[in-house]
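So the structure is just underneath, and the comments pick up after that.
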Amino acid sequence: MKNVVVIGAGTMGNGIAHVFAMQGYKVQLVDVSEQALSKAMATIEKNLDRMLRKEKIDEAGKTATLANITPGADLTKAAANADLIVEAATENVDLKLKIFKQMDEAAPEGCILATNTSSISITKIAAVTSRPELVIGMHFMNPVPVMKLVEVIRGYATSDETLNTIMELSKNLKKVPVEVNDYPGFIANRILMPMINEAIYSLYESVAGVEEIDTVMKLGMAHPMGPLQLADFIGLDVCLSILNVLYDGFGQDKYAPCPLLVNMVTAGKLGAKTGEGFYRYTPGSKDKEVAPFFKK
Ligand code: NAD
């Protein structure tokens, strides 16, 4: 396996391209947005510079990694020589089904089609392709170059061979793969999202303020980041999509997204990527303060 295509150059796509390219794979990074592509290339370079400063790579490693990534907008062209395609586009069922149909038509026979979806059914995505045995979930964690886990999700029709290939490949990327079956939210988000939703409900019901909730979970449970800051970091639109998948998939009220989360997404306050969520962020700095809405 040599040629990898990554679809979507947002928060996750740039990190996925980074880790493949660092291990010598030729990566084509595809996005419909020109702006997302240039931002992704700048982010990859910035993250490589950080690794250089920490002496995790040398100058030659940085140059080789960047040379392994080709950004572009044409999925069909990029997929023509692919051994593996990892889809990391926006978390939206209809969009993913459309992209998988396109990928299936454009990719050569035998090419594995993986998705980085946080929650959407692998079985459902596989069913729109002519190769469900070659479709699998490859759920990286954010930030991809730093986080060790890859949740590898086996759809109903995923073959043993595809599973074994992706488990081995994840190890080649210096990650730790964990095999999980295909049920809503898999493991990571089935456990994480109800916790984040409960933290938002606690804020909505005025049990405590933003910083207080995060401090309780950081100091009390030894979490490196509080749940509200983590939600901002993941993206509040992504959190809402995942909760909706859990709610629809299990049909249980405990997964219903908090109305405050719904309002924030409707208002375009999506967290760190838009500069404001539960906190307000200063561009280019690690500084943050509680968002004005929650200071009232
Ligand atoms: P994002 O919004 O940062 O980026 C999504 C990108 O997809 C955008 O740049 C958008 O232009 C692009 N896109 C949309 N339609 C496209 C198309 N037809 N072809 C090519 N590109 C297209 O989203 P993200 O946070 O990077 O999430 C991507 C995927 O990764 C989602 O499935 C999400 O659930 C999953 N995920 C996210 C996180 C996280 O912490 N954000 C963690 C694990 C998994």
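Just follow the structure's listing: the first ligand is 1, and inside any ligand the first atom is 1. The first residue in the sequence is number 1, and the count goes up from there. Hydrogens, waters and symmetry mates are skipped; everything else that's a heavy atom, side chains included, is used.
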Nearest-neighbour protein heavy atom for [atom], which is reported as residue plus atom name and distance:
atom                    : value
atom 41 (N) of ligand 1 : I234 O, 3.0 Å
atom 40 (O) of ligand 1 : N142 ND2, 3.1 Å
atom 14 (C) of ligand 1 : T90 OG1, 3.4 Å
atom 26 (O) of ligand 1 : M12 N, 2.8 Å
atom 30 (O) of ligand 1 : N116 ND2, 2.9 Å
atom 33 (C) of ligand 1 : S118 OG, 3.4 Å
atom 8 (C) of ligand 1  : D31 OD2, 3.5 Å
atom 16 (C) of ligand 1 : V32 CG2, 3.7 Å

Please tell me if atom 23 (O) of ligand 1 is touched by the protein, where touching means a protein heavy-atom distance below 4.0 Å.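 Flag for atom 23 (O) of ligand 1 set to false, no protein heavy atom closer than 4.0 Å.
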Donor + acceptor pair across side chains of D214, Y279 (<3.5 Å):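 A donor-acceptor contact under 3.5 Å links the two side chains.
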Do we see a donor-acceptor contact under 3.5 Å between the side chains of D182 and T123?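 There is such a pair (donor and acceptor under 3.5 Å, judged by atom type) between the side chains of D182 and T123.
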If we check side-chain contact (heavy atoms from CB on, under 4.5 Å) with H139, which of these qualifies: I187, I153, T117? I153
Give a yes or no on whether L52 and M22 share a hydrophobic cluster (residues Ile, Leu, Val, Met, Phe, Trp, Tyr; joining criterion: side-chain heavy atoms under 4.5 Å apart).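 Yes, same cluster.
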With nothing but distance in play, are any N or O atoms of H139 less than 3.5 Å from an N or O of ligand 1? no
Pair D160 + R154, salt bridge at N-O below 4.0 Å: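 The answer is yes: the pair qualifies as a salt bridge.
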So does [Y] get a backbone contact from the side chain of [X], meaning a donor-acceptor N/O pair under 3.5 Å?
X    : Y    : result
E151 : A188 : yes
T282 : S285 : no
D83  : M1   : no

Does ligand 1 have an atom that lies less than 4.0 angstrom from a heavy atom of [X]?
X    : value
K273 : yes
F233 : no
A88  : yes

Where the closest heavy atom to atom 18 (N) of ligand 1 is concerned, which of I99, I7, L230 has it? I99
